[in-house]
Amino acid sequence: MDGNQVFILGLGLQSPWKLVGQNLDTSTKPNTLTIDVAADRGSLYPCPCCGKE
């Protein structure tokens, strides 16, 4: 299992969302973790109430 898969599982990302990048900056105190999440243009998103797209 690679690092991206660990983040996907930990964040609970599901389609249409996908992890497109990650960066851990250890030169700052406290360290900074940046996670980039995106979806393809035109993706449909489920309604949080009824679940319909």
Side-chain angles (χ1 to χ4, degrees):
M1 182 177 300
D2 69 13
N4 283 345
Q5 290 175 324
V6 171
F7 281 115
I8 290 169
L9 288 172
L11 294 169
L13 293 180
Q14 297 178 11
S15 183
W17 300 106
K18 58 186 175 184
L19 181 66
V20 294
Q22 58 179 312
N23 181 51
L24 177 61
D25 184 357
T26 58
S27 68
T28 62
K29 296 296 180 200
N31 296 340
T32 303
L33 174 62
T34 304
I35 300 173
D36 299 316
V37 178
D40 292 328
R41 182 177 293 248
S43 295
L44 300 176
Y45 304 91
C47 171
C49 297
C50 69
K52 289 184 182 179
E53 293 183 342

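Quick caveat, the model's predicted, so the values are computed rather than measured.
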Mind listing the closest non-hydrogen atom pair of V37 and L13 along with its distance? CG1-CD2, 4.1 Å
What heavy-atom pair brings L44 and P16 nearest, and what distance separates the two atoms? O-CG, 3.7 Å
I'd like to know if I8 and Y45 are part of one continuous hydrophobic network [Ile/Leu/Val/Met/Phe/Trp/Tyr, side-chain heavy atoms within less than 4.5 Å]. yes
Single-linkage hydrophobic cluster, 4.5 Å side-chain cutoff, L11 and L24 together: yes
Should the heavy atoms of other residues, nucleotides or ligands under 6.0 Å from CD of Q14 be counted, would the total exceed 12? no
Minimum side-chain heavy-atom gap K18-D40 below 4.5 Å: yes
Atom CG of L33 and atom CG of N23: how far apart are they, to the nearest 0.5 Å? 8.0 Å
